[in-house]
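Working notes for the structure below.
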Amino acid sequence: MPIKPTPDEAILRLRLDDSLDGDIGNAIDQAHAQAVAFLDGALYEDAAALEAAADLRGIVCTPDIIAAQLLLVDVLVGNNSAQDRERKEAGAFNMLRMHRNMGA
């Protein structure tokens, strides 16, 4: 599994205008950085990649981590009210919370 959504996936799943392609690419990078910072660990495509990296704080990317990143992309480029942006951002971080490194 990839560690961040693709622009095509974002356009399709978020129902965004494909004319925003450049903005979406930048938003994906920003959303990925936010997710990694919140998780406090690098994302890996699968358990084998994590094991090869010998990263004790590494996290295997799962579909819900991709979904959380997509919500963060929507916050950045979607046509949302301030309340919708706050709700989506909170939802994304709630999805990430179960994977988060906490201490140690």
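Keep in mind the model is a prediction, meaning the values are calculated, not measured.
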Query raised in the report: Quick one: do Asp40 and Arg100 make a salt bridge, cutoff under 4.0 Å?
Result: no

Throw together a table of side-chain donor-acceptor distances under 3.5 angstrom for residues 67-82, partners on residues two or more places apart or in other chains.
from: Gln69; atom 1: OE1; to: His32; atom 2: ND1; distance (Å): 3.2
from: Gln69; atom 1: NE2; to: Ile3; atom 2: O; distance (Å): 3.0
from: Asp74; atom 1: OD2; to: Lys88; atom 2: NZ; distance (Å): 2.4
from: Asn80; atom 1: OD1; to: Lys88; atom 2: NZ; distance (Å): 2.7
from: Asn80; atom 1: ND2; to: Asp74; atom 2: O; distance (Å): 2.9
from: Ser81; atom 1: OG; to: Asp84; atom 2: N; distance (Å): 3.1
from: Ser81; atom 1: OG; to: Asp84; atom 2: OD2; distance (Å): 3.4

Query - Val60-Leu43 co-clustered via ILVMFWY side chain contacts under 4.5 Å - result: no

Query - Gap between atom NZ of Lys4 and atom CD of Gln30 - 0.5 Å precision - result: 11.0 Å

Query raised in the report: How would you list, by chain and number, every residue that makes a side chain to side chain contact (heavy atoms under 4.5 Å, CB included) with Ala49, sequence neighbours excluded?
Result: Tyr44, Asp46

Query raised in the report: Would you say Leu39 and Asn101 make side-chain contact, with heavy atoms under 4.5 Å?
Result: no

Query - Smallest separation among heavy atoms of Cys61 and Pro2, with atom names - result: SG-O, 3.5 Å

Query - Option passing side-chain contact (heavy atoms from CB on, under 4.5 Å) with Thr62 (candidates Ile66, Ile59, Ile65) - result: Ile65

Query raised in the report: Between Pro63 and Met1, is any pair of side-chain heavy atoms under 4.5 Å apart?
Result: yes

Query raised in the report: Considering all heavy atoms of both residues, which atom of Ile28 and which atom of Pro7 are nearest to each other, and what is their separation?
Result: CD1-N, 3.5 Å

Report summary line: In short, Asp64 meets Met95 closest at the heavy-atom pair O-CE, 3.4 Å

